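What follows is one structure encoded as structure tokens, with my remarks underneath.
Per chain, numbering begins at 1; letters A, B, ... match sequence-line order. Please read all numbers here as calculations on a predicted model, not as lab measurements.
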Protein chains: 2
Amino acid sequence: MTTVKRRPKSKHALAGEIAEAIKLGQFRSGEWLRQIDIEQKFAATRFDVRTALDELVVRKAIEHVPNRGYRVAEIDRETLRHIRSVRIVIETSTADAIVSRMTPATLATLRGLAEEFGVAVREGTRADQSRVNAEFHEAMYHLSGNPVLEELIWNLRDRGRGSNVTVWTSHESLLRSDRDHHAMLEAIEKRDVARLSELIAAHILKDAPESELRDR
Amino acid sequence: MTTVKRRPKSKHALAGEIAEAIKLGQFRSGEWLRQIDIEQKFAATRFDVRTALDELVVRKAIEHVPNRGYRVAEIDRETLRHIRSVRIVIETSTADAIVSRMTPATLATLRGLAEEFGVAVREGTRADQSRVNAEFHEAMYHLSGNPVLEELIWNLRDRGRGSNVTVWTSHESLLRSDRDHHAMLEAIEKRDVARLSELIAAHILKDAPESELRDR
DNA sequence: TGCAACATAATTGGCGCCAATTTAATAGCC
DNA sequence: GGCTATTAAATTGGCGCCAATTATGTTGCA
């Protein structure tokens, strides 16, 4: 996965790095991204920085104000709710494909990643947790066999992360994620599509501030 | 709709214009978009053209080959099928929100647009048909009350149009679209969510080359 | 002391030049 | 005559300069 990929040396890669940094909370919501800072922090040229930032604007990770610069998008609760709503529709729609395409091998992979996440929760860094969590869900959604769907899921996830105030703020929520993962595994193993759907929806809803008990 | 919007003079607007041109089939699939041609055709500077093309790459409307340039993306049948599959999931998910948020006023608007499409089919140009069709679906999906969802729908639609060989190739398919629109209206009026879902799915599937009777 | 006008510093962003690469055209060779 | 090597034309794309704009700091005045 993290193999050779130095073809598009900088440019697109830089956009990914900046997006990653935002996801990891290295830039706060609403914070201005000064081009000089970025080009130093990532050792890139001014031009590459600008290109990368433009790409992130298109990807809705940041926003652009003419003659003021780029800043991390502040997403209001309303929009966040809409994003979660769409995520539930899309991600739960993968449930039966996942169950029907499941093989012992992929199940083993998922189990390994679920365990790894548990370890990361206990003794890993924030970045580790984020990475392993992503790997788990990536492996799971990869089973859907629909690359377009997969990509969409990641776009929406990234967009929500941007200014999500509560990204695993408490250790509690991390433990809950861990439990969710194992529960999902169980549902997949038992080929229980409905249960898996429920779990996925609940997993998404856990990010909601209050209990926004809104079915759609 | 086509009102004043000269604030971001060129740049983002240009990307939209080029995307529109691609949608209208002014560039064939796989055709190279030479920067010189574009800057003449749209009366823009070289730099703006490049920026716009970069944006379209991020939006997956075109693809970029280093040192070769930009070309209209050729989407294989497999990917097209995946796009349709996702579209069905997303667009049908709007059905009950549409029905529950429907008001007499919006219904009247939709009816008007459905009529207008019928007229465009009979005596309008290709561009007219495309525009009115877009307006009808826009008005309908706007009822979902979820801007994120709306945007997603348009992104996926645009992506499919790019190299769709059969974009209303026959007059027959246009007539079918017209009938579909009126049927949808009827379902909305009768608050028949299931029926509306079916119609939306069928409307998307109509673009399929053969009858790819694949439920998921 | 508070406020407004001005000057100065910092930052963004439009644009064009030219080197690197690819494509075509031409010539040379078997 | 067909094929390959060389040269020329066309196209892409990296990069930096500097004007326009905004933010900051300072001075003068009531």
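- Closest approach of Arg46(B) to Glu39(B), counting heavy atoms only: NE-OE2, 3.0 Å.
- The side chain of Lys11(A) places an N or O atom within less than 4.0 Å of a non-bridging phosphate oxygen (OP1 or OP2) of dG14(D).
- Per the geometry, CG belonging to Asp54(A) stands 12 Å off C1' belonging to dT12(C), to the nearest Å.
- Using bins of under 30°, 30° to 60° and over 60° for the plane-to-plane angle, the ring pair His203(A)/His181(A) lands in the tilted bin.
- At the heavy-atom level, Arg34(A) lies under 4.0 Å from the strands shown only through sugar-phosphate atoms.
- In terms of position on DNA chain D, the residue among Ile36(B) and Thr45(A) whose nearest nucleotide sits closer to the 5' end is Ile36(B).
- In summary, the side chains of Tyr141(B) and Asn146(B) do not present any donor paired with an acceptor at a separation below 3.5 Å, with no hydrogens or angles considered.
- Look at His64(B) and you won't find any side-chain N or O under 4.0 angstrom from OP1 or OP2 of dT12(D).
- For the pair Arg68(A) and dA23(D), the criterion of a side-chain N or O lying under 4.0 Å from OP1 or OP2 is met.
- As rounded to whole Å, 14 Å separates atom C1' of dT12(D) from atom CZ of Phe47(B).
- Within the nucleic acid shown, Val65(B) comes within 4.0 Å of sugar-phosphate atoms alone, with no base atom in reach, counting heavy atoms only.
- The NE2-C1' distance, from His12(A) to dG13(D), rounds to 18 Å in whole Å.
- Heavy atoms of Arg46(A) sit under 4.0 angstrom from at least one base atom.
- Atom CG of Asn67(B) is separated from atom C1' of dT12(D) by 7 Å (rounded to the nearest Å).
- Here the straight-line distance linking atom OG1 of Thr45(B) with atom CZ of Arg50(B) works out to 9.5 Å at 0.5 Å rounding.
- Look at CD on Gln40(B): it is 14 Å from P on dA10(D), rounded to the nearest Å.
- Counting to the nearest Å, the P atom of dG14(C) and the CG atom of Leu14(B) are 13 Å from each other.
- Atom CG of Leu53(A) is separated from atom C1' of dT11(C) by 13 Å (rounded to the nearest Å).
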Practice problem: Might you work through the side chain to side chain donor-acceptor pair (under 3.5 Å) test for Thr109(B) and Thr106(B), ending with a clear yes or no? | Solution: CA-CA 5 Å; Thr109(B) 305; Thr106(B) 52; over 6 Å; no
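- Spacing between atom CZ of Arg71(A) and atom C1' of dT22(D) amounts to 14 Å, rounded to whole angstrom units.
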